[in-house]
Amino acid sequence: MISFEKEKKIFKLDTPNTSYVMSVYADMYLGNLYYGGKIDDADVCYMYRQGSEQIINEGEKSGFMNGFPFEFPTAGMVNSQETCMDIRNSRGQNGIELVYKSHEIYKGKKALKGLPASFGDSCDSIDITLTNERLGIDVVLTYTAFNDVDIITRSVKVINNSSENINITKMLSAALTLDYQEGMKIIDLKGCWSRERHIVYENLHYGSFVNESLRGESGHQTQPFVAVATGNITQTTGEVYAMHFIYSGNFLGKIQINEQDSLRMVMGIHPDTFEWKLEAGDSFQAPEVVLNYSSEGIGQMSRNFHDFYRNHLIRSKYLHEERPVLVNNWEATYFDFTSDKLVDIAREASKRGIEMLVMDDGWFGERNSDDGSLGDWFVNEDKIKGGLKKLSDDVHSLGLKFGIWVEPEMISPKSELYKKHPDWAMQTHHSIPVQARKQLNLDLTNPAVVDYIKNCLKDIMEQATIEYMKWDMNKSLSDYGSEYLPADRQGEVAHRYVLALYEIQEYLVSSYPDLLLENCSSGGARFDPGMLYYSPQIWCSDDMDPVERLSIIEGTALLYPFSTIGAHVSKNTNDILGRTTNMADRAIMALLGTYGYELDITKLTDEEKEAIPDQIKTHKRVEDLVREGDYYRLESYNENHLFDAVEIVSKDKDKVMVVMMQVLCTPCIRDRRIKLQGLNPDYIYVVNGQKLHGSTLMNAGIIVPRPRGDYKATLLEIEKAD
Ligand code: DGJ
């Protein structure tokens, strides 16, 4: 719902439980009045700051500008807090003042050209146009309020109506100005390779907190997310305000408190690697930010994000479908495999109920290690005898689907492609390009490169029957220079790269709508909302150790539904940590995601092989619950360093599962009491053969026996009694 109060020009956006209120002051500046729990339409006027007209006088504008909660703060206006936009005009001057021009309220939501964005019918939108008449620049702020989930989205478009070019030197997508409350905390996700998205709470204080990526992707280290919470924050209590960015490149998130105890949060494309030449008559669309407010703690924030992404961002036809149980050969063989070996794995897998074989890195060019051949997307017939079609046919004849790994955005200096097109690598004239894993990034700003990649993908897809593709990206961006773009557009490389990535993935998923695409970046460095628009699942981490996974899953599920989280049962001993665990425990932990195996099934013991069909049966019993259910965090190993418990409840509250992991067995600790959440208090549930009311399970809880030994996972399945 969006309403407009004409007299004071107050806009009110409502979701089921929240309100967002803005107003135009002195017929000029758009400011934020309120964001939080729902308020009544009749009361909006009381928020209006009376007397602002007098304050905005020529001689005393500075004080007003400094304290005003601008919806879209711009540079050059006495900014003690972060701004969203700056430009350089044709005279080389910076700064831009924007005032209200017009607005339009409409049902539904428009797509953002060339960008991933949320969608839906059950929502209302408003375009508020701000303008700088002298420059001839309009800035359209678009807000959407969803009727089925407590989410508001924002995006921005700049239109150059003048006859002169300008340069946009900074373009963030959203700012939120709130009152600071004593004790507020920042919620952040930090990590590195194999330790992605660990939740960190930090105290908020005067000054700035920055969360940013300059690696050309969301990264292992960061997530395009900022959040502040009140001091009493828990899973079930306290208020939290969050921003999440539907973008997969360099981003800047900032939280600041100024001398007036005003809190500002901003999110957008990182200005350090961004400048955009906006020619007369052209427009620039900045990506979308998701705003999430919960007054019921972190748990409700997570459930808002999960519902929103499932219902309004992921487009894949597989979103609500059971995904095939796969076996991937990466940790089984690394580069050392042939088609015979893969068929052996597929044969054993088919006997155990596995449904798809995925051939990982090493099938093309002369790729027997990670030192070359990226870009040479022709099959290595020494390894894959008879080619992709023969292998895919052999796998299919065993009753399995077939999937393949690609890393299309890269070029190895040691490759046929590099011999022909050294200029296709991202590079600058003054530095030796930075290699990682002996590879460089292709310059996706060059349309010839984009065409080449599309054709390679088409060629792969049309050689054989391929049901699944894992799109990897193992080198962060560096050397932001293009041999293709002119000098005055080099500042556009980082953003144009991301736009081209989206264009190629759009081409792939629209040309092959039945393809199940999984994005991946050296583990989980590209787990972001932008990529979810193209792939319904993303590889979460290379670390499949069931203990390391606990914190990775907690951080990932803070924002993303389990249906998006790539999770496999890996081999023993874990290659990254050297930790030995039981396959049964690893199989329980892998239930929290898209289930698969990543091991050499031919080398398992008979006992382990025989356990697989039952593990798959368990997965199939709970997979719809994992895919569609509501997430509740009961215990956090990340916080207590001993024990973890995740609960998922079906939307109708009939079915419940709890995945627990005792990491360390300690003496003298009694069996644990777990209090469930999110049940229907009046329903009677069957728990381990006992019938108990939902209210009992939530208030008094259940006693869970403490297993003997470390790294012990338990699955508890609960159902409503008939
Ligand atoms: C990184 C991925 O995360 C792994 O799963 C694997 O596909 C390798 N790349 C292959 O190079």
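Just follow the structure's listing: the first ligand is 1, and inside any ligand the first atom is 1.
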| field | CA sep, side-chain torsions, deciding dist, call: Tyr418, Gln439, side-chain hydrogen bond (donor to acceptor under 3.5 Å, both in side chains) | value | CA-CA 10 Å; Tyr418 193 81; Gln439 63 199 58; over 6 Å; no
| task | For Glu623 and Arg323, run salt bridge (charged side-chain N to carboxylate O under 4.0 Å, His left out): C-alpha distance rounded to whole Å, both residues' side-chain angles, the deciding distance at 0.1 Å, then the answer. | result | CA-CA 9 Å; Glu623 80 79 28; Arg323 323 274 162 88; over 6 Å; no
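Within the structure, ligand 1 has Lys470 among the residues with a heavy atom less than 4.0 angstrom away.
At most 12 non-hydrogen atoms from other residues, nucleotides or ligands lie less than 6.0 angstrom from NZ of Lys389.
Looking only at distances, no side-chain donor or acceptor of Asp528 sits under 3.5 Å from a matching main-chain atom of Phe245. Using a distance-only test at 3.5 Å, with no hydrogens or angles considered, no donor-acceptor pair links the side chain of Arg197 to the main chain of Ile552.
Backbone and side-chain nitrogen or oxygen atoms of Cys520 are examined, and none is located within less than 3.5 angstrom of a nitrogen or oxygen of ligand 1. Between Arg367 and ligand 1, not a single N/O pair is under 3.5 Å apart. The N/O atoms of Asp361, backbone and side chain alike, include one that comes under 3.5 Å of an N/O atom in ligand 1. Not a single N or O atom of Ser521, backbone or side chain, sits closer than 3.5 Å to an N or O atom of ligand 1.
Near Trp405, with a cut-off below 4.0 Å to any heavy atom, the atoms of ligand 1 are 7 (O), 10 (C), 11 (O). Per-residue contacts place Ser522 under 4.0 angstrom from the following atoms of ligand 1 (heavy atoms of the residue considered): 1 (C), 3 (O). Taking every heavy atom of Gly523 and a limit of under 4.0 angstrom, the matching atoms of ligand 1 come to 2 (C), 3 (O).
Contacts between Asn474 and ligand 1, counted as non-hydrogen atom pairs separated by less than 4.0 Å, involve the side chain only. When non-hydrogen atoms are compared, ligand 1 lies under 4.0 Å from the side chain of Arg437 (C-beta onward) but not from its backbone. The residue Glu407 has no part lying near ligand 1, judged by heavy-atom distances below 4.0 Å.
Annotation: cation-pi geometry not satisfied between Arg627 and Phe562 (NZ/CZ under 6.0 angstrom from ring centroid, within 45° of ring axis). A cation-pi arrangement is present between Arg315 and Tyr533, with the terminal nitrogen or guanidinium carbon under 6.0 Å from the aromatic centre and inside a 45° cone about the axis. Note that Arg549 lies in the cation-pi zone of Trp539, set by a 6.0 Å cut-off to the ring centre and a 45° limit from the axis.
Nearest to atom 4 (C) of ligand 1 among the protein's heavy atoms is Asp542 OD1, 3.5 Å. In terms of protein heavy-atom proximity, atom 9 (N) of ligand 1 is nearest to Asp472 OD2, 2.6 Å. Among all protein heavy atoms, the one lying closest to atom 7 (O) of ligand 1 is Asp360 OD1, 2.7 Å.
A centroid separation of less than 6.0 Å is found between the aromatic rings of Trp330 and Phe335.
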